[in-house]
Amino acid sequence: MPELPEVETTRRGISPWLTGRTITGVTVRRQALRWPLPDLATLLPGRTVQQISRRAKYLLLACDAAGTLLIHLGMSGSLRILPIDTPPQTHDHLDIRFGSHCLRLRDPRRFGAVLWTDTPPDQHPLLRHLGPEPLSPAFHTNYLYASTRQRRTAIKTVLMDGKVVVGVGNIYATEALYAAGIHPNRAAYRIARVRLDRLVAAIRQILSAAIDQGGTTLRDFQQEDGKPGYFRHQLQVYGRTGEPCYRCQTRLRMQRIGQRSSAYCPHCQH
DNA sequence: AAATTCTCCTGAAGGC
DNA sequence: TGCCTTCAGGAGAATT
């Protein structure tokens with residue numbers, strides 16, 4: 001399920017193929033994902049992709065001065081670069097063609113989104129209230145400390161709240177809390193500053209390492225060339241419920257926190 | 001304001 | 001083997 005490292009991996013993969021290229025055509029096989037698609041056949045052909053950036057889990061394709069295409073991969077989306085004559089498979093919803101190749105969006109569960117904005121993307125309603133990027137200087141210990149003092153809910157829920165910090169989903173929240181020795185269900189406001197310092201560092205370190213590994217592939221995620229991400233092999237707790245903790249050998253447990261399954265070590269995390 | 005619940009969807013896994 | 005049920009999960013929307 002694409003979280004920040006998977007989206008960033010995708011961005012880095014497709015960027016060299018698309019930047020500076022002119023879109024020659026579009027094939028829309030399904031007119032709505034999470035929301036109806038914009039009229040891409042009118043908006044895109046003839047536009048040149050200036051750059052591809054990322055905000056939270058959104059990919060932003062800047063198209064000339066005309067506007068920006070926003071793509072969200074939901075939980076099962078992937079983007080690939082393929083020759084335009086590659087037969088589409090089930091759930092291949094959209095091709096954006098540029099010469100002999102196309103950017104193909106596949107999303108079995110259709111939780112993803114494709115949107116268009118002709119104003120600066122940071123002002124888009126879905127982006128304007130987002131918290132800081134976890135790998136930016138704006139995400140620091142004092143910020144997280146201030147953001148958690150009034151929050152009595154589980155720290156894991158807070159980490160996955162995009163208004164606090166973006167890009168951290170179930171996998172990396174689970175891993176970061178283990179690395180920092182914090183119980184995922186601990187009330188956020190009851191975590192001391194020094195422990196939040198460790199948590200900030202863990203989030204940064206884990207996200208960076210995951211990007212270096214091309215993200216985590218559990219089932220659906222693939223890079224632009226079809227290869228999986230390799231961070232799955234570095235996961236310490238996610239998906240390991242019932243197996244021994246790598247540090248202390250205690251059996252890892254699982255709890256539902258905010259509708260999400262959360263693995264943790266009852267000995268190492270408090 | 002913060003917290004909780006509901007919702008979208010498909011494929012995999014488990015039960016019988 | 002096959003049919004049915006359950007579940008996972010990003011995150012906006014609705015509700016309390």
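In the text below, chain A, chain B and the rest are named by the order of the sequence lines, each starting its count at 1. If you're wondering where the values come from, they're calculated on a predicted model, not measured in any experiment. Hydrogens, waters and symmetry mates play no part in the numbers below; they use all other heavy atoms, side chains included.
A/R30 and A/D107 are not joined by a salt bridge, as no carboxylate oxygen comes within less than 4.0 angstrom of a charged side-chain nitrogen. Taking 4.0 Å as the cut-off between side-chain N and carboxylate O, A/E6 and A/K57 do not count as a salt-bridged pair.
No engagement by A/T157 is indicated, since no non-hydrogen atom pair under 4.0 Å with the nucleic acid exists. Residue contacts for A/G74: at a heavy-atom cut-off of 4.0 Å it reaches the sugar-phosphate backbone alone, with no base atom in range. A/Y58 comes within 4.0 angstrom of the backbone, heavy atoms only, and of no base.
In this model, no donor atom of one side chain and acceptor atom of the other lie less than 3.5 Å apart for A/T174 and A/S262. Checking A/T141 against A/D197 by side-chain atom types alone, a donor-acceptor pair falls below 3.5 Å.
Separating the NE2 atom of A/H129 from the P atom of C/dA11 is a distance of 16 Å, rounded to the nearest angstrom. Protein atom CG of A/L33 is 17 Å distant from nucleotide atom P of C/dG10, rounded to whole Å. If you measure from atom CG of A/L130 to atom P of C/dG10, you get 15 Å, rounded to the nearest angstrom. As rounded to whole Å, 19 Å separates atom C1' of C/dA11 from atom CZ of A/R128. For the pair A/K156 NZ and B/dA3 P, the computed distance is 16 Å after rounding to whole Å. When the P atom of C/dG12 is taken as reference, atom CE of A/M160 falls 12 Å away, rounded to whole Å. The interatomic distance linking A/K163 (NZ) with C/dA13 (C1') rounds to 11 Å, in whole Å. The nearest whole Å value for the distance from the CG atom in A/L127 to the P atom in C/dA11 is 11 Å.
Note that NE2 of A/H91 and CZ of A/R110 are 8.0 Å apart. Values are rounded to the nearest 0.5 Å.
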- [ ] Would you please test A/R80 and A/D92 for salt bridge (charged side-chain N to carboxylate O under 4.0 Å, His left out) and show each step?
- [x] CA-CA 10 Å; A/R80 295 188 63 181; A/D92 286 347; over 6 Å; no
Open item on the list: Would A/K163 and A/D161 count as a salt bridge (charged side-chain N to carboxylate O under 4.0 Å, His left out) here? Give the steps.
Closed with: CA-CA 5 Å; A/K163 289 188 290 299; A/D161 179 351; 3.6 Å; yes
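Between the side chain of A/R104 and the backbone N or O of A/T86, at least one donor-acceptor pair lies under 3.5 Å.
Using a 4.0 Å cut-off, no side-chain N or O of A/Y189 falls inside it from OP1 or OP2 of B/dA2. Distances shown here put a side-chain N or O of A/K57 below 4.0 Å from the OP1 or OP2 atom of C/dA11. The shortest distance between the side-chain N/O atoms of A/S261 and the OP1/OP2 oxygens of C/dG9 is below 4.0 Å.
The listed nucleotides are C/dA11, C/dG9, C/dA8; the one nearest the side chain of A/H72 is C/dA11.
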Between the protein and nucleotides 7-10 of chain B, which nitrogen or oxygen pairs are less than 3.5 angstrom apart?
from: B/dC9; atom 1: O4'; to: A/R109; atom 2: O; distance (Å): 3.4
from: B/dC9; atom 1: O3'; to: A/R110; atom 2: NH1; distance (Å): 3.3
from: B/dC9; atom 1: O3'; to: A/R110; atom 2: NH2; distance (Å): 3.4
from: B/dT10; atom 1: OP1; to: A/R110; atom 2: NH1; distance (Å): 2.8
from: B/dT10; atom 1: O3'; to: A/H91; atom 2: NE2; distance (Å): 3.3
from: B/dT10; atom 1: O2; to: A/R109; atom 2: NE; distance (Å): 2.9
from: B/dT10; atom 1: O2; to: A/R109; atom 2: NH2; distance (Å): 3.4

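A/R21 forms no cation-pi arrangement with A/F98, by the criterion of a distance under 6.0 Å to the ring centre and an angle within 45° of the ring axis. A cation-pi arrangement is absent between A/R149 and A/Y189, since the terminal nitrogen or guanidinium carbon is not both under 6.0 Å from the aromatic centre and inside a 45° cone about the axis.
Using a 4.0 Å cutoff on non-hydrogen atoms, the parts of residues 144-155 of chain A near DNA chain B are A/R151, A/R152, A/T153, ordered by number.
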